[in-house]
Amino acid sequence: MSRNSKSRKPLPRKRGWRDVSDEFWVHVEPLLPKDVRSPKGGRPPTPHRTIFNGILYVLRTGCQWKMLPREYGSGSTAHEHFQKWTKAGVFSKLWKLCLLEYDRYKGIDWKWQSLDSVTVSAPVKGGIKRGKTRPIAVNSAQNATSSSIARESRLG
């Protein structure tokens, strides 16, 4: 039995347990650029809130865009909007807005910040030529199997 698009219906679920809240959406919606409809018509656009919830789902779970659940619309549509909104700076503006809101709510000590090493680029292999490390001093210390043991065995 082959599966077609008619047999692929969204699974029933409680609305809202993974979606952004109405309070948060009030802040997000004005940041999103308006869609320009083609004069030729075409399909009605997927609501921005559905697409935004789908983008957050992919970012939260790490799934492929193609594997986005159908309740969030097409994975290619969500990815297209993600790229467009990233270029428009939507997520940067949203990050700043969330930081300001959190600062008002809890307060941020701006003197202390941290940087995750993952965000800093490592040098490319072969990109930096370094000279050989010179020894600081000649090591005259004996190792754990010192020569005194060997002397004792010879004397013995």
Side-chain angles (χ1 to χ4, degrees), residues 1-137 139 143-144:
M1 182 172 128
S2 66
R3 291 182 62 176
N4 57 24
S5 61
K6 292 177 185 172
S7 66
R8 295 185 64 206
K9 296 179 182 166
L11 296 173
R13 72 174 183 93
K14 293 181 181 176
R15 301 260 335 138
W17 73 278
R18 288 188 288 202
D19 301 338
V20 295
S21 65
D22 293 334
E23 296 83 19
F24 186 67
W25 183 247
V26 169
H27 298 292
V28 174
E29 190 173 24
L31 300 175
L32 302 177
K34 303 295 178 209
D35 280 337
V36 179
R37 293 285 312 255
S38 171
K40 296 179 183 179
R43 288 183 178 207
T46 306
H48 281 169
R49 188 168 183 170
T50 303
I51 294 170
F52 189 77
N53 285 327
I55 290 171
L56 292 183
Y57 180 86
V58 169
L59 295 177
R60 194 171 43 243
T61 63
C63 77
Q64 298 174 357
W65 292 102
K66 294 185 290 189
M67 300 305 292
L68 185 68
R70 292 186 81 45
E71 63 199 57
Y72 298 120
S74 164
S76 60
T77 301
H79 185 250
E80 180 184 320
H81 278 78
F82 175 70
Q83 289 179 322
K84 185 172 36 172
W85 293 346
T86 301
K87 284 181 185 176
V90 169
F91 297 105
S92 297
K93 293 173 192 171
L94 186 58
W95 176 253
K96 290 174 187 173
L97 185 72
C98 289
L99 277 178
L100 292 174
E101 183 70 22
Y102 185 82
D103 190 26
R104 279 195 295 269
Y105 181 67
K106 284 275 198 180
I108 298 175
D109 186 4
W110 292 102
K111 293 183 289 184
W112 295 98
Q113 298 178 17
S114 66
L115 178 66
D116 188 350
S117 63
V118 175
T119 61
V120 179
S121 298
V124 179
K125 183 177 179 182
I128 298 175
K129 299 289 183 191
R130 295 188 175 136
K132 290 188 176 185
T133 305
R134 296 183 327 213
I136 297 173
N139 188 0
N143 63 17

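Within 6.0 Å of NZ on Lys96 lie no more than 12 heavy atoms contributed by other residues, nucleotides or ligands.
Between Gln83 and His79 the shortest side-chain heavy-atom distance falls below 4.5 Å.
Nearest heavy-atom pair, Leu68 versus Ala78, reported as atom, atom and distance to 0.1 Å: CD2-CB, 3.8 Å. The shortest heavy-atom contact between His81 and Ile55 is C-CD1, 4.4 Å. Taking every heavy atom of both residues into account, Val20 and Asn53 meet most closely at N-OD1, 2.9 Å. The minimum heavy-atom distance between His27 and Glu23, with the atom names listed, is CD2-O, 3.3 Å. Minimum heavy-atom separation, Trp25 to Pro30: O-CD, 4.5 Å. Here the closest non-hydrogen pair linking Pro33 and Val90 is CD-CG2, 3.9 Å.
A distance of 10.0 Å separates CG of Leu31 from CZ of Phe91, quoted to the nearest 0.5 Å. To the nearest 0.5 angstrom, Trp85 atom CH2 is 13.0 Å from Lys93 atom NZ.
The side-chain hydrogen bond (donor to acceptor under 3.5 Å, both in side chains) contacts involving residues 37-48 comprise Asp35-His48, where partners must be two or more places apart or lie in separate chains.
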(request) Given side chain to side chain contact (heavy atoms under 4.5 Å, CB included), test Tyr72 with Leu56 step by step and report yes or no. (result) CA-CA 10 Å; Tyr72 298 120; Leu56 292 183; over 6 Å; no
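Each of Leu32, Val28, Leu99 was compared with Leu94 under the side-chain contact (heavy atoms from CB on, under 4.5 Å) criterion, and only Val28 meets it.
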